[in-house]
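Some notes on the structure that comes next.
Per chain, numbering begins at 1; letters A, B, ... match sequence-line order.
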Number of protein chains: 2
Amino acid sequence: MTTIYDIASKANVSKSTVSRVLNHHPYVSEKNKQKVWQVIEELNYTPNALARSFRFMRNKTIAVIIPNLYHSFFSLLASGISKELRAQGYKTVISESFYNAENEKVILEMLKFKEIEGIILCSIENDWEFIEEYLNYGPIVLCNEFHEEATIPVICYDERGATAEALNHLLNQGHTRIGFCYDVSDSPLQKMRQESYEQFRDHDFQETKKWFYPECFTIKDGMNVVKNLVKHPQNDRPTALFTGNDYVAAGVIKELKQRGLDVPREFGVIGYDDHQICLATHPTISTIHIPIDQLGVYTAKTLIKTLSENKPLQREVKTFEGKLIIREST
Amino acid sequence: MTTIYDIASKANVSKSTVSRVLNHHPYVSEKNKQKVWQVIEELNYTPNALARSFRFMRNKTIAVIIPNLYHSFFSLLASGISKELRAQGYKTVISESFYNAENEKVILEMLKFKEIEGIILCSIENDWEFIEEYLNYGPIVLCNEFHEEATIPVICYDERGATAEALNHLLNQGHTRIGFCYDVSDSPLQKMRQESYEQFRDHDFQETKKWFYPECFTIKDGMNVVKNLVKHPQNDRPTALFTGNDYVAAGVIKELKQRGLDVPREFGVIGYDDHQICLATHPTISTIHIPIDQLGVYTAKTLIKTLSENKPLQREVKTFEGKLIIREST
DNA sequence: TTGTATGCGTTATCAA
DNA sequence: TTGATAACGCATACAA
C-alpha cells in the first residue's frame, strides 16, 4: 500500500508537504506541487480513508432506520435521503427495524461506537427517554414520524390534514360509515391518523372503533379486510375504507370486485402514498400523494447542517403537505 | 471521550491490560479483569470503532450496487443481502447506479480509497476490463447479473431456463406470436433472456425483432406497449407478452382490459418476479418466481468468505432456479 | 501475567 | 515555504 511517506521519499520532500499538496494548502511552492502530483500519479496513490476517518474522528456515514425495504414508500424515502447524503459526501447505511425495538437499538449503539455519525429515524420503536440518551453520541433526526416531545428536528407531512381531506372527500361522496385500515397501532404517526379520523365522529361515526382494521400492510391484508367485513350485515359495516397504503387499497378493491361489489358505486376506497399501483387496478385508486423526495432531501440537509456546524440539536417541526388525488375508486 | 487510557489510569493497570480484557485475551488475572470491567462500566466506556478500523485497516463495510430502489425486486435483493451482512457484523451501503456507468464508478473508487471493503454488483454498467482493475483493491462479486468472462463469483438464477419455461407455457396455450418486454437492452442478463427467446424462432417466430419492446420498467410503460401494439392489424401483432417484470405485466393487463381485450382468452401475459401486485390485477398474473432471499444470502456469504479467509477471488457460477407460477393471465 | 514501546496513515502545530 | 514531530485510540511484539 502506498502512503504519503512513499510519495514523500520519491519526491524528495517531507510528508507534510505531500499532505499539504493533497489538501490544497496554499503554502506550497509550484515546483514541489508539480513534483508531488507527478509522483502521486506514478505510484497510483490514493489517500487512505480509514486513516482520515481516524484522524478526524468521523467516517462520513449516516444510518437511516426504516421499518422495512419491502414497502416502496420506505425504499423511496431511503433512496431520497441516501441520494442527498451521497451528494454531500456521506455514505448511507440503510437499516430495517422491522418494527422491532431491539433492531433499532443495534443501530443506536452504532452511534455510541462511532460506527456512524448520525441517525435518521423513520419510525420510533423504543421509548423516547431511551433514544434520548444516544443524543450524547451524535445527532438524531426524525423523518416521516412524529413525536410530541422529542427535542430534535421532526420532518414529516401533515398527517391530520391529509386524513381530514380524505375523509371529507368520502363524506361528500355520501359515505357516513367509513372504515380505517392502518399498519401498527403504536406508532405516533398512525395515532395521529386515528385521532384525526375520530374527530369525524359527529358525522354518524358512532361506532368507529369497530371499523378500525390494524395490521394492514399488504395486498393480501387488504383482501382479508374485505373478506371479514362482508360477514357483517350491510347496515353494520362501512361503505368506504381509508387505507394506510395503496397496496392495501388494491387488495380491498380486488376482493370487492371478486365479490361483485361495485367500486365506487357501492363502496369507496382511498389509499395512501400515490404508488404506481394506483393505476393498475380497476378502478384506479384515489389516494394521498406524499412528497417523498422533499422529505428526504430536507431531512438529509437538516442532519448534515447539524453535523457540519457542530451545533446542538433543537426541536424544529417541518411539515410538508400531502395532496388528495381523486381517481376512480371514490 | 473515554479511551482505554482513562480506564487504565483509573484501574491502575496498563493500556495493554485493558485492551486484553476487552478482547478476551486469556492471560489476564481474574482480579484485574474484574477491576477493568468495573471501571469500564463506571466510565461508560465504548471502544472506538474508528480507531479499530484504522488499526485493522478495515471498516466492515460493503457496498451493494443496484440499478435503483424503485423496483421492489432490487430493494428486496438489497434487503436480503444487507440482512445477511449485518448478521455477520458488516455494514451495508446500498447504492443506486440508475443504469449509469459514472455512478457505478463512484462506488468502485470507494474501494480504492478503502471506504468500503468489498462490492456486490447487481448490474454491470462499465466494461469488465475497467471493473477488473478494482479487484486490486478488494473483492467484487456479481449477483443477479451475469458475465461470460468475469473472474469473480457470479451468483444468479437460471435466466434461460425461466424464459424457456415461460415461452413453452405460452406455446402450449396456443400462442405463436409472442412479444417480449424488457428494460435495458445492453445488460448481459437481458441479452440472455433475448437469446433464449430467439431460440424459439422455429415456432412461427419469424419476426421476433418486431415484437421486442425495450425500456419497459413501470406500469405506465406496460400500458404504452399495448397502446402501440393495438395500432397494428390483428394478424401482425403478438397474441401474448412476456414482460421483464410484474409491474409492466400489470400495466399491460390493465390497458388490454381498458380496450376490451380479454386476458387470457384473447391475449396471454406472463410477468417476472412474483411480486404481490400479481394478486391485485384482474386477472391475476402468471409469473416467474425468483428466490431473491437465497440469492442475497448466498452472495453475502460468498463475499464474506473471501474477505475473512483473505483468499483470492475466482470465477464460480452459482445458479438458482426460477419457477413458473401459473395464474389467470395465461 | 503484566507493562513498555511501536506502529497503523494522516493532519496540525511549531520551529526553522 | 518547509520539515520534524506529536497526536488520534487501539492492538501487539517483545521484554520483564
Side-chain angles (χ1 to χ4, degrees), chain A residues 1-37 39-40 43-61 89 110-117 137-138 310, chain B residues 1-37 39-40 43-61 89 110-117 137-138 310:
Chain A
M1 189 171 46
T2 13
T3 71
I4 44 169
Y5 179 77
D6 302 321
I7 308 295
S9 305
K10 190 145 187 194
N12 283 318
V13 295
S14 71
K15 291 192 303 178
S16 318
T17 302
V18 177
S19 177
R20 287 195 189 94
V21 170
L22 284 167
N23 294 289
H24 304 100
H25 192 282
Y27 294 157
V28 185
S29 69
E30 196 54 40
K31 184 174 133 274
N32 275 343
K33 216 184 289 182
Q34 300 260 335
K35 180 79 189 171
V36 167
W37 278 121
V39 177
I40 284 175
L43 266 45
N44 189 24
Y45 164 83
T46 320
N48 187 318
L50 294 167
R52 296 178 69 118
S53 288
F54 175 57
R55 183 60 178 72
F56 292 120
M57 272 310 143
R58 28 189 320 191
N59 61 359
K60 295 274 211 168
T61 306
M110 286 172 62
L111 196 56
K112 200 168 168 183
F113 281 75
K114 293 191 183 301
E115 294 198 73
I116 52 177
E117 286 188 46
Y137 308 110
N310 204 23
Chain B
M1 188 171 45
T2 16
T3 72
I4 45 168
Y5 179 77
D6 302 321
I7 308 294
S9 306
K10 189 144 189 195
N12 283 317
V13 295
S14 72
K15 292 191 301 178
S16 324
T17 302
V18 177
S19 178
R20 288 194 189 96
V21 170
L22 284 166
N23 294 290
H24 305 100
H25 191 283
Y27 294 157
V28 185
S29 68
E30 195 55 39
K31 184 173 132 276
N32 275 342
K33 214 183 291 182
Q34 301 260 335
K35 180 78 188 169
V36 167
W37 278 122
V39 177
I40 284 175
L43 298 184
N44 189 25
Y45 165 82
T46 320
N48 186 319
L50 294 167
R52 296 178 69 115
S53 287
F54 175 57
R55 180 62 177 71
F56 292 117
M57 272 311 144
R58 29 190 318 193
N59 62 359
K60 295 275 211 168
T61 306
M110 286 174 62
L111 196 56
K112 201 168 169 185
F113 281 75
K114 293 193 184 298
E115 294 197 72
I116 52 178
E117 285 188 46
Y137 308 110
N310 204 22

### Task
Answer yes or no: does a side-chain N or O of A:Tyr45 lie under 4.0 Å from OP1 or OP2 of C:dT10?
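Result: yes.
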Going from [atom1] on [X] to [atom2] on [Y], what distance comes out if it is rounded to the nearest 0.5 angstrom?
{"X": "B:Asp6", "Y": "B:Lys15", "atom1": "CG", "atom2": "NZ", "answer": "11.0 Å"}
{"X": "A:Met110", "Y": "A:Glu115", "atom1": "CE", "atom2": "CD", "answer": "4.5 Å"}
{"X": "A:Trp37", "Y": "A:Asn32", "atom1": "CH2", "atom2": "CG", "answer": "13.5 Å"}
{"X": "A:Asn59", "Y": "A:Arg52", "atom1": "CG", "atom2": "CZ", "answer": "13.0 Å"}

### Message
Rounding to 10°, can you tell me the angle the first-five-pair axis of the helix from C:dT1-D:dA16 to C:dA16-D:dT1 makes with its last-five-pair axis?
### Response
50°
### Message
Nearest heavy atom decides the nucleotide; on that basis, is B:Arg20 or B:Phe54 closer to the 5' end of DNA chain D?
### Response
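Upstream on the strand: B:Phe54.
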Would you classify [X] as touching base, sugar-phosphate or nothing, given that sugar-phosphate means primed atoms plus P, OP1 and OP2, and contacts are heavy atoms under 4.0 Å?
{"X": "B:Ser16", "result": "base"}
{"X": "B:Thr3", "result": "sugar-phosphate"}
{"X": "B:Arg55", "result": "base"}
{"X": "B:Phe56", "result": "sugar-phosphate"}

So do [Y] and [X] actually touch side chain to side chain, heavy atoms under 4.5 Å?
{"X": "B:Lys35", "Y": "B:Val13", "answer": "no"}
{"X": "A:Ile4", "Y": "A:Tyr45", "answer": "yes"}
{"X": "B:Asn48", "Y": "B:Thr3", "answer": "no"}
{"X": "A:Leu43", "Y": "A:Ile7", "answer": "yes"}
{"X": "A:Asn44", "Y": "B:Lys112", "answer": "yes"}
{"X": "A:Thr46", "Y": "B:Lys114", "answer": "no"}
{"X": "B:Thr61", "Y": "B:Glu117", "answer": "no"}

Return the value, rounded to whole Å, for the distance between atom [atom1] of [X] and atom [atom2] of [N].
{"X": "B:Arg58", "N": "C:dG9", "atom1": "CZ", "atom2": "P", "result": "16 Å"}
{"X": "A:Leu50", "N": "C:dT11", "atom1": "CG", "atom2": "P", "result": "13 Å"}
{"X": "B:Lys15", "N": "C:dA5", "atom1": "NZ", "atom2": "P", "result": "11 Å"}
{"X": "A:Arg52", "N": "C:dC8", "atom1": "CZ", "atom2": "C1'", "result": "16 Å"}

## Note on the structure
Of C:dG9, C:dT11, C:dG3, the nucleotide closest to the side chain of B:Ser14 is C:dG3
### Summary
Note: B:Lys33 and B:Val28 closest approach over all heavy atoms is CE-O, 3.8 Å
## Note on the structure
Result for 5'-nearest mapping on DNA chain C, choosing between B:Met57 and B:His25, is B:His25
### Leading and trailing nucleotides of DNA chain D with any atom under 4.0 Å from heavy atoms of chain B
D:dG9 to D:dA13
### Message
At a heavy-atom distance below 4.0 Å, what parts of residues 26-35 of chain A sit against DNA chain D?
### Response
A:Tyr27, A:Val28, A:Ser29, A:Asn32
